[in-house]
There are 2 protein chains.
Amino acid sequence: MGTHERRSREKDELRRKILDAATRIFIEEGYENVSMRKIADSIEYAPSTIYLHFRDKVDLVTSICIEAFAELDRRLDSIIGQGLPPMETLRLALREYIQFGLDHPAYYVFVFCTPQYVFKDIDPTSFSNIHTCAMGSFQRLRTGIQSCMTNGDMPAGDVESISQSIWLCVHGVTSGLVVDCGFPFIDRERLIDESLLRILKGAA
Amino acid sequence: MGTHERRSREKDELRRKILDAATRIFIEEGYENVSMRKIADSIEYAPSTIYLHFRDKVDLVTSICIEAFAELDRRLDSIIGQGLPPMETLRLALREYIQFGLDHPAYYVFVFCTPQYVFKDIDPTSFSNIHTCAMGSFQRLRTGIQSCMTNGDMPAGDVESISQSIWLCVHGVTSGLVVDCGFPFIDRERLIDESLLRILKGAA
DNA sequence: TTGATTTCCTGAACAGCGTTCATTAACCTG
DNA sequence: CAGGTTAATGAACGCTGTTCAGGAAATCAA
């Protein structure tokens, strides 16, 4: 009696359809412009149907972001796995982090540039889920810094403090370019590369 | 015949009342939670009256931010005016910049962390006004860097490139702490101070 | 003191939003 | 086929920014 299985498969398929439709809108127009009605229209269901699969809009968009940030972790792991010198690995990984932000502006802004008051009256678990996204990547940064110290490329010191400093700076480069607040930046590639060199020089 | 003058004074006063009411809500609840109806209620006017003084919500909030960032420029000028060594002046000014962001989270997030798609369908002049805010402060940074080079504290180089790098990093520290995306940061003061030292070390 | 004119302000309306919930329709089980 | 379960919906609630025809009040000219 595979009825159960088929039903739950159909349920998963609809969930997938919702996620895909929402992702398309989210990527193109950002969180604020994702609307439950737009999603529903595009998959030809009623808006209320979405609530059978997601608690609320934040829960839906968070699910999208979790998938995307898993992709970041894969990219980072692929760099780490190349067995390059610690300092070079670190630089490439940070470069990849920035590139990920530039490639997925809506995701990056939603997770790292959206203040809490935008998520007024939402389930706290939805909120904490958002930041589970980032913790995996940060753990990789911490490990990378540790390797640099062990290898003698960086003076021994408080790994946590240095990791957070470096993340803040790299986050600044990423968010500054992603948000694009109308500032007349110089050539992107050059700005990113020179910024990274300076950030690593400051830590070494 | 001071009628004209009185009338235009009354007009200014109402504009002021709107700005003050909006500022209160903006500070407490952020851009997204500012509503024309809330503002109107709190000053006992009809929502439509606000549109006689401001083109739209973005125009209103932008006016608020321009006032606030003028305050930042004053703070920076007061530091610059102390005649300290260039490097020390630079460090203190950057510290003040970060502090300004922490003191005025709603302002900082609105100007520097809000992507363009949030301002969909708005007058382009409203948008460009937002970033006029920041240009003054950035010009001061550029001058400060130039002084450091002239003084021999920094190797001669592309002032624009270094200024933008440093701003991106300092912006990262500010926005990272202001947005507070749930990350377990170490002690704020220490994180800020150590980050600043590393940023300046990377440029020197 | 009139009447005309300008200025200020408003109420209602439009189109959109996230979300809830009673009700219906479809399906599976026995 | 009856009973029960599940899926999906339409209508509604209370918000949002914004527009605009119309009214009220203050000013000006005669």
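Chain identifiers are assigned alphabetically (A, B, ...) following the order of the sequence lines, protein sequences preceding nucleic acid strands; residue numbering begins at 1 within each chain.
Applying the side-chain hydrogen bond (donor to acceptor under 3.5 Å, both in side chains) test to every pair with at least one member in residues 30-45 of chain B, sequence neighbours left out, gives these pairs: B/Glu29-B/Lys38.
If you take NZ of B/Lys17 and C1' of C/dC8, they are 15 Å apart, rounded to a whole angstrom. Summarising the geometry, the separation between CD1 on A/Ile25 and P on C/dC17 is reported as 10 Å, rounded to the nearest angstrom. Separating the CD atom of B/Glu29 from the C1' atom of D/dT16 is a distance of 14 Å, rounded to the nearest angstrom. In this structure, CD1 of B/Ile50 is placed 13 Å from C1' of D/dT16, rounded to the nearest angstrom. Atoms OH (B/Tyr51) and P (C/dT10) sit 14 Å apart, rounded to a whole Å. With rounding to whole Å, B/Met36 atom CE is found 12 Å from D/dT19 atom C1'. Atom CG of A/Leu52 is separated from atom C1' of C/dA26 by 14 Å (rounded to the nearest Å). At whole-Å resolution of the value, CD in B/Glu10 and P in C/dT6 are 20 Å apart.
In this structure, B/Leu60 reaches neither bases nor backbone, as no heavy-atom distance under 4.0 Å exists between it and the strands shown.
Judged by atom type and distance alone, A/Arg37 reaches the base of C/dG18 through a side-chain donor-acceptor pair under 3.5 Å.
A distance-only check finds a donor-acceptor pair linking the side chain of B/Gln164 to the backbone of A/Ile186 [under 3.5 Å]. Put simply, the side chain of A/Ser195 never gets that close to the backbone of A/Val170: no donor and acceptor are under 3.5 Å apart.
In this structure, the nucleotide among D/dT9, C/dC9, D/dG17 sitting nearest to the side chain of A/Thr49 is D/dT9.
Both A/Val34 and A/Ser48 lie near DNA chain C, and the one whose nearest nucleotide falls closer to the 5' end is A/Val34.
Looking at residues two or more places apart in sequence or on another chain, you find no salt bridge (charged side-chain N to carboxylate O under 4.0 Å, His left out) involving A/Asp180.
A close approach under 4.0 Å does occur between a side-chain nitrogen or oxygen of A/Lys11 and OP1 or OP2 of D/dA7.
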